[in-house]
Amino acid sequence: MPELPEVEVTRLSFGERIRGARVLAVRLGKPLRWPLGAEPSALVGTTVGETRRRGKYLWLALDRGGLLLHLGMSGSLRFAPEAPPPGAHDHFDLVTDRGTLRLTDPRRFGAVVWSEGVDAAPAARLLAGLGIEPFDEAFTGAHLHAALKRRRVAVKTALLAGDIVVGAGNIYACEALFAAGIDPRARSDTLSRPRCERLAAAVRATLAQALALGGSTLRDFRDAHGTAGAFQQQTAVYGREGLPCRVCGRAIRRIVQAQRSTFFCPRCQKR
DNA sequence: AAGTGGACCTGCTAGC
DNA sequence: TGCTAGCAGGTCCACT
């Protein structure tokens, strides 16, 4: 699910509300991708600080250390004053005096990991190697061009890898490539500087638009209030195999790259 | 060293 | 109606 817009929408929907809350209890469900790495009881009595995002990770600061959260493929967070009894897919509850922050994640690719700090293990190790933030001013066409030059993979694969720029997952990588008029199969080191300028701008614009629409809800994404996103209703290519391109009318194609579906318009997007 | 494929886990849908 | 194959928003790790 959750690419940068969904993670950021989630953060915005509970970060301020939970700030300053006192932790009353921690409840764990089935195992997630990694163990919590702390005794749940050790978190009780601490106070929640700032909620930050890095790539698709969230960092929830506590008095001492904090929690690094990832939503995986199917995770979502809710924060509400009253939480119903945990269901089969509710695998983490942070019960506070202002409400319960609950991770629901059917596939359990998500994670909640306690760490002494963002810059300490294990958080630091998970965040190491992440690419630049797309809304950072250092993410320029020049930066992208230089990074893509060092690879010899399909440009879509390079975007998805997340070590050049973070945040664009399968939906938004497809959408950004369409917006930039670039064939997802084009080899990363063949893209001209001007095309990289267009691609960098398209990545930012696509993510910004998705953010403004509350993200994409394909099946189960919700923000911390329980609200669904709306971006999925206006994708240009993602999930539109066989349907006419909104620009030229040609049928959108689906191919597989790096074991993921890629959608593109064979006329509007060029190598 | 970069590139590729498998692994993790569950649920839903299309097709027979 | 019921079963099965295929697919799903991510990313770490082992291997070539």
Side-chain angles (χ1 to χ4, degrees), chain A residues 1-11 29-35 37 53-58 68-77 87-92 103-113 121-131 146-177 185 187-189 203 206-207 209-211 213-223 228-235 237-242 254-263:
Chain A
M1 118 319 111
E3 305 183 33
L4 182 148
E6 292 75 28
V7 176
E8 182 66 5
V9 161
T10 298
R11 184 184 76 82
K30 286 193 191 176
L32 292 161
R33 177 156 196 181
W34 297 297
R53 181 191 56 75
R54 173 75 174 102
K56 298 169 190 168
Y57 285 93
L58 287 178
L68 191 69
L69 294 92
H70 198 287
L71 302 180
M73 286 279 263
S74 58
S76 59
L77 287 169
H89 302 310
D90 298 330
H91 302 304
F92 177 83
L103 174 67
T104 303
D105 184 6
R107 292 178 73 180
R108 293 191 281 127
F109 289 170
V112 181
V113 176
R125 200 176 71 82
L126 294 170
L127 299 177
L130 289 188
L148 290 177
K149 271 276 180 243
R150 286 180 228 121
R151 309 272 175 97
R152 313 169 137 260
V153 292
V155 58
K156 199 265 195 159
T157 304
L159 279 184
L160 267 192
D163 52 356
I164 296 176
V165 57
V166 293
N170 210 29
I171 297 178
Y172 303 119
C174 290
E175 294 297 312
L177 285 164
R185 300 166 295 183
R187 234 178 61 172
S188 62
D189 57 342
V203 167
T206 301
L207 294 175
Q209 196 204 350
L211 195 49
L213 288 171
S216 297
T217 298
L218 295 192
R219 43 166 41 105
D220 44 21
F221 172 72
R222 293 288 189 283
D223 72 12
F231 185 88
Q232 73 283 356
Q233 291 157 17
Q234 55 195 81
T235 58
V237 290
Y238 187 87
R240 300 193 67 242
E241 181 182 16
R254 182 180 87 90
I255 59 174
V256 174
Q257 295 180 289
Q259 311 174 125
R260 314 289 303 276
S261 286
T262 296
F263 299 87

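Model, not experiment: these values are computed from the prediction. Letters A, B, ... mirror the listed sequences (proteins, then strands); counts begin at 1.
- Between A:Arg151 and B:dA1 there is no side-chain polar atom (N or O) within less than 4.0 angstrom of OP1 or OP2.
- Here the C1' atom of nucleotide C:dT11 and the CG atom of A:Leu4 are 16 Å apart, to the nearest Å.
- Of all non-hydrogen atoms in A:Arg151 and A:Ile164, the two that sit nearest each other are NH2-CG1, 3.6 Å.
- When atom types are taken as modelled, the side chain of A:Glu175 and the backbone of A:Val237 share a donor-acceptor pair closer than 3.5 angstrom.
- Partners of A:Phe109 under the ring pair (Phe, Tyr, Trp, His ring centres under 6.0 Å) rule, at least two apart in sequence or in another chain, do not exist in this structure.
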For DNA chain B, produce a single dot-bracket line, 5' to 3'. Pairs: Watson-Crick or G-U wobble, both distances under 3.5 Å. Symbols: ( ) within strand, [ ] crossing, | other strand, . unpaired.
.|||||||.|||||||

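- Side-chain N/O atoms of A:Asp105 and A:Ser74 include a donor and acceptor closer than 3.5 Å.
- Here A:Val113 pairs with A:Trp34, A:Ala111, A:Pro122 under the side chain to side chain contact (heavy atoms under 4.5 Å, CB included) rule; sequence neighbours left out.
- Note: CZ (A:Arg53) to P (C:dG10) measures 14 Å, nearest angstrom.
- What separates CD of A:Glu8 from P of C:dG9 is a distance of 21 Å, to the nearest Å.
- Side chain of A:Gln257 to backbone of A:Thr157: no donor-acceptor contact under 3.5 angstrom is found.
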Each nucleotide N or O in nucleotides 13-16 of chain B that has a protein N or O under 3.5 Å away: list the pair and distance.
none

List the steps and the verdict of side chain to side chain contact (heavy atoms under 4.5 Å, CB included) for A:Ile255 and A:Arg185.
CA-CA 10 Å; A:Ile255 59 174; A:Arg185 300 166 295 183; 3.6 Å; yes

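- Taking the side chain to side chain contact (heavy atoms under 4.5 Å, CB included) definition, one finds that A:Ala210 meets it with A:Pro5, A:Tyr172, A:Phe231, sequence neighbours left out.
- A close approach under 4.0 Å does occur between a side-chain nitrogen or oxygen of A:Lys56 and OP1 or OP2 of C:dT11.
- Screening A:Leu71, A:Leu69, A:Asp90 against A:Leu103 for a side chain to side chain contact (heavy atoms under 4.5 Å, CB included) leaves a single residue, A:Leu71.
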Could you go through nucleotides 5-10 of chain B and list every protein N or O atom that sits under 3.5 Å from one of its N or O atoms, giving the distance for each pair?
residue: B:dG6; atom: OP2; partner: A:Gln259; partner atom: OE1; Å: 3.4
residue: B:dG6; atom: N7; partner: A:Gln259; partner atom: NE2; Å: 3.1
residue: B:dC9; atom: O4'; partner: A:Arg107; partner atom: O; Å: 3.4
residue: B:dC9; atom: O3'; partner: A:Arg108; partner atom: NH2; Å: 2.6
residue: B:dC9; atom: O2; partner: A:Arg107; partner atom: NE; Å: 3.1
residue: B:dC9; atom: N3; partner: A:Arg107; partner atom: NH2; Å: 3.4
residue: B:dT10; atom: OP1; partner: A:Lys30; partner atom: NZ; Å: 3.4
residue: B:dT10; atom: OP1; partner: A:Arg108; partner atom: NH2; Å: 2.5

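- Contact annotation: A:Arg260 side-chain N/O to C:dT11 OP1/OP2 distance is not under 4.0 Å.
- Counting to the nearest Å, the C1' atom of C:dG10 and the CG atom of A:Leu159 are 15 Å from each other.
- In this structure, the CG atom of A:Asp105 is 18 Å from the P atom of C:dA8, given to the nearest Å.
- Rounded to whole Å, the distance from CZ on A:Arg152 to C1' on B:dA2 is 10 Å.
- One atom, CG of A:Leu71, and another, C1' of C:dT11, lie 14 Å apart when rounded to the nearest Å.
- Each of A:Leu126 and A:Tyr238 has a nearest nucleotide on DNA chain C; the 5'-most of these lies closest to A:Tyr238.
- When each of C:dG10, C:dA8, C:dC12 is scored by its nearest atom to the side-chain atoms of A:Tyr57, the top-ranked nucleotide is C:dC12.
- In this structure, the separation between CD on A:Glu8 and CZ on A:Arg53 is 4.5 Å, given to the nearest 0.5 Å.
- Across all strands shown, A:Thr157 has no heavy atoms under 4.0 Å from either base or sugar-phosphate atoms.
- Applying the side chain to side chain contact (heavy atoms under 4.5 Å, CB included) rule to A:Arg152 yields the partners A:Arg187, A:Asp189; only residues at least two apart in sequence or on another chain are considered.
- Using atom P as the reference point in both C:dG6 and B:dG6, the two lie 15 Å apart (nearest Å).
- Among residues two or more places apart in sequence or in another chain, the side chain to side chain contact (heavy atoms under 4.5 Å, CB included) test is passed with A:Gln232 by A:Ser216, A:Thr217, A:Leu218.
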Listing, residues 124-131 of chain A side-chain donor-acceptor contacts under 3.5 Å, not counting sequence neighbours, or none:
none

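- The distance from atom CZ of A:Arg125 to atom C1' of C:dC13 is 10 Å, rounded to the nearest whole Å.
- Take A:Tyr238 and apply the ring pair (Phe, Tyr, Trp, His ring centres under 6.0 Å) test, not counting sequence neighbours, and it matches A:Phe263.
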Between the protein and nucleotides 14-16 of chain C, which nitrogen or oxygen pairs come in under 3.5 angstrom?
none

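- Listed by chain and residue number, nothing satisfies the ring pair (Phe, Tyr, Trp, His ring centres under 6.0 Å) test with A:His91 (two or more places apart in sequence, or in another chain).
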